[in-house]
Amino acid sequence: MGQFFSRPFTLDSTVRFFIGTLTIISIILLFRYLSPVLLPFFVAWLVAYLLHPIVLFLQRKFRLRNRALVVAFLMLFFISAIAILLYFFIPVLIDEFNILKNFLFDFAKGQFQSNATWQLVLQNFFNSSNIPELLNQEHFSDAISMLFPHFGKVISSSVSIVIGLFSVFATILYIFFILKDYSTITKHFISLVPTQYQHFVSSLMQDLEQGMNNYYRGQFLVVLIVSILFSIGFSVISMPLGILMGIIVGLLNLIPYMQIIGIPPCILLMLVHSIETGSSPIYGLVGLALVFIVVQIIQDGFLTPKIMGQKLGLNAAVILLSLSIFGMLFGLIGLIIALPITTLLLSYYKRYILTEVNEKYKIRTSAQDPETIEQLRN
């Protein structure tokens with residue numbers, strides 16, 4: 001396929017190029033139009049991909065041949081666990097949110113008088129940015145759209161899909177059927193490809209499997225542990241909304257080095273806590289710094305090397321660029337398919353285009369006079 005780049009431009013090739021470009025644009029537009037319908041399927045496929053090793057482990061450990069029974073038990077376990085967590089933690093988060101909102105309203109109105117310069121600056125910041133109004137539950141969705149216009153569109157559309165009963169039910173069904181026949185689907189996928197392209201597709205799938213194993217499964221496990229560590233750490237230092245902020249900062253680790261975005265709101269919350277309790281802000285900020293430092297040491301020194309193993313082979317900037325582009329084009333679905341498609345494109349480039357260029361260079365070099373080769377080396 002790399003031969004395409006060495007062909008001369010003719011009328012036929014130009015027409016093919018424009019037709020191919022229009023086809024790609026049409027696919028992107030169709031994909032965006034169907035994204036509300038496709039989102040449950042892609043989410044289900046990602047969840048099934050993450051749970052597949054657990055299903056294999058349970059089958060081998062307990063010697064169970066009925067895969068459907070194992071899948072049903074595993075899904076019931078996770079759904080029950082999520083329901084229990086939501087039952088216990090959502091009321092706590094709502095109470096913390098209401099306490100924080102009421103305090104910010106009172107603080108912005110000047111009911112907490114202080115001569116401290118930093119508190120006056122913080123009060124002016126609250127009044128100028130209208131943070132208490134943004135935290136009002138009636139305007140919370142508008143606040144997200146106001147602060148993050150593009151992200152707000154993705155979140156609002158995604159939330160409307162996820163909270164729909166049909167979408168949730170469809171996603172659960174997708175997960176069950178995909179996970180039940182996951183091995184069969186992956187094994188027989190190559191047989192659907194024309195014979196002349198099977199070796200090409202098989203090699204790309206191997207690279208994709210290796211890359212995704214090193215990133216998705218490993219990174220999701222790292223994010224889960226880091227979220228728990230941050231939630232515990234924030235709760236220990238009594239940060240307002242500590243559990244929620246711990247989950248948010250942990251999820252930001254899905255993108256390399258993006259957890260730094262969570263530092264400013266954490267500092268703001270700790271300053272609010274120091275005003276509310278009348279304690280020195282230095283102790284709170286030192287505690288916050290210790291939480292980030294300790295979790296980062298655990299993540300970089302133990303979790304990432306042990307869990308991630310071999311790296312994905314993508315630079316952090318490439319990952320961020322890929323997520324940004326595909327997220328802008330396809331929304332939440334784009335964030336799911338960004339890394340697999342980027343891995344496939346890089347694999348194709350390395351295996352075929354770059355290899356063909358190197359082979360042509362070797363042929364040309366070997367055909368040259370030895371003295372010329374020596375001059376070129378020097």
Nearest atoms (heavy-atom pairs only) where L269 meets M245 = CD1-CG, 3.5 Å
Any idea which heavy atoms bring G262 and L252 closest together, and the distance?
-> N-CD1, 3.8 Å
Atom pairs and distances, side-chain donor-acceptor, residues 332-341, under 3.5 Å, sequence neighbours left out:
none

Taking distance alone, no hydrogens or angles, what donor-acceptor pairs closer than 3.5 Å link side-chain atoms of residues 65-88 to residues at least two apart or in another chain?
residue: N66; atom: OD1; partner: A68; partner atom: N; Å: 3.2
residue: N66; atom: OD1; partner: L69; partner atom: N; Å: 3.3
residue: R67; atom: NE; partner: L179; partner atom: O; Å: 2.9
residue: R67; atom: NE; partner: K180; partner atom: O; Å: 3.0
residue: R67; atom: NH1; partner: Q59; partner atom: OE1; Å: 3.1
residue: R67; atom: NH2; partner: H52; partner atom: ND1; Å: 3.0
residue: R67; atom: NH2; partner: L179; partner atom: O; Å: 2.9
residue: S80; atom: OG; partner: L76; partner atom: O; Å: 2.7

Is I282 isolated, or which residues cluster with it under the ILVMFWY side-chain rule of less than 4.5 Å, directly or via members?
-> V286, L290
Rounded distance (nearest 0.5 Å) linking atom [atom1] of [X] with atom [atom2] of [Y]:
{"X": "T23", "Y": "I19", "atom1": "OG1", "atom2": "CD1", "answer": "7.0 Å"}
{"X": "L241", "Y": "I247", "atom1": "CG", "atom2": "CD1", "answer": "11.0 Å"}
{"X": "T171", "Y": "L46", "atom1": "OG1", "atom2": "CG", "answer": "11.5 Å"}
{"X": "D95", "Y": "I90", "atom1": "CG", "atom2": "CD1", "answer": "12.0 Å"}
{"X": "L224", "Y": "L229", "atom1": "CG", "atom2": "CG", "answer": "9.5 Å"}
{"X": "I248", "Y": "I261", "atom1": "CD1", "atom2": "CD1", "answer": "11.5 Å"}

Are [Y] and [X] connected in a single hydrophobic cluster, I mean Ile/Leu/Val/Met/Phe/Trp/Tyr linked by side-chain heavy atoms less than 4.5 Å apart?
{"X": "W45", "Y": "L56", "result": "no"}
{"X": "F220", "Y": "F302", "result": "yes"}
{"X": "I232", "Y": "V291", "result": "no"}
{"X": "L38", "Y": "L30", "result": "yes"}
{"X": "L288", "Y": "V294", "result": "yes"}

Measure the shortest side-chain to side-chain distance between [X] and [Y] over non-hydrogen atoms and say whether it is less than 4.5 angstrom.
{"X": "V223", "Y": "S227", "answer": "yes"}
{"X": "F292", "Y": "C266", "answer": "yes"}
{"X": "L64", "Y": "L58", "answer": "no"}
{"X": "M239", "Y": "H273", "answer": "no"}
{"X": "I237", "Y": "F234", "answer": "yes"}
{"X": "L173", "Y": "F177", "answer": "yes"}

If you draw a 6.0 Å radius around CD1 in I260, do more than 12 non-hydrogen atoms from other residues or ligands fall strictly inside?
-> no
F31/F42 under ring-ring contact (aromatic ring centres under 6.0 Å, His included): CA gap, chis, key distance, verdict | CA-CA 12 Å; F31 209 85; F42 281 95; 5.7 Å; yes
When the ring centroid of Y33 is compared with that of F330, is the distance short of 6.0 Å?
-> no
Using the six-membered ring wherever Trp is involved, compare the ring planes of F41 and Y174 and label them parallel, tilted or perpendicular (cut-offs 30° and 60°).
-> perpendicular
Carefully, step by step, assess V222 and N253 under the rule side-chain contact (heavy atoms from CB on, under 4.5 Å).
-> CA-CA 8 Å; V222 170; N253 280 269; 5.7 Å; no
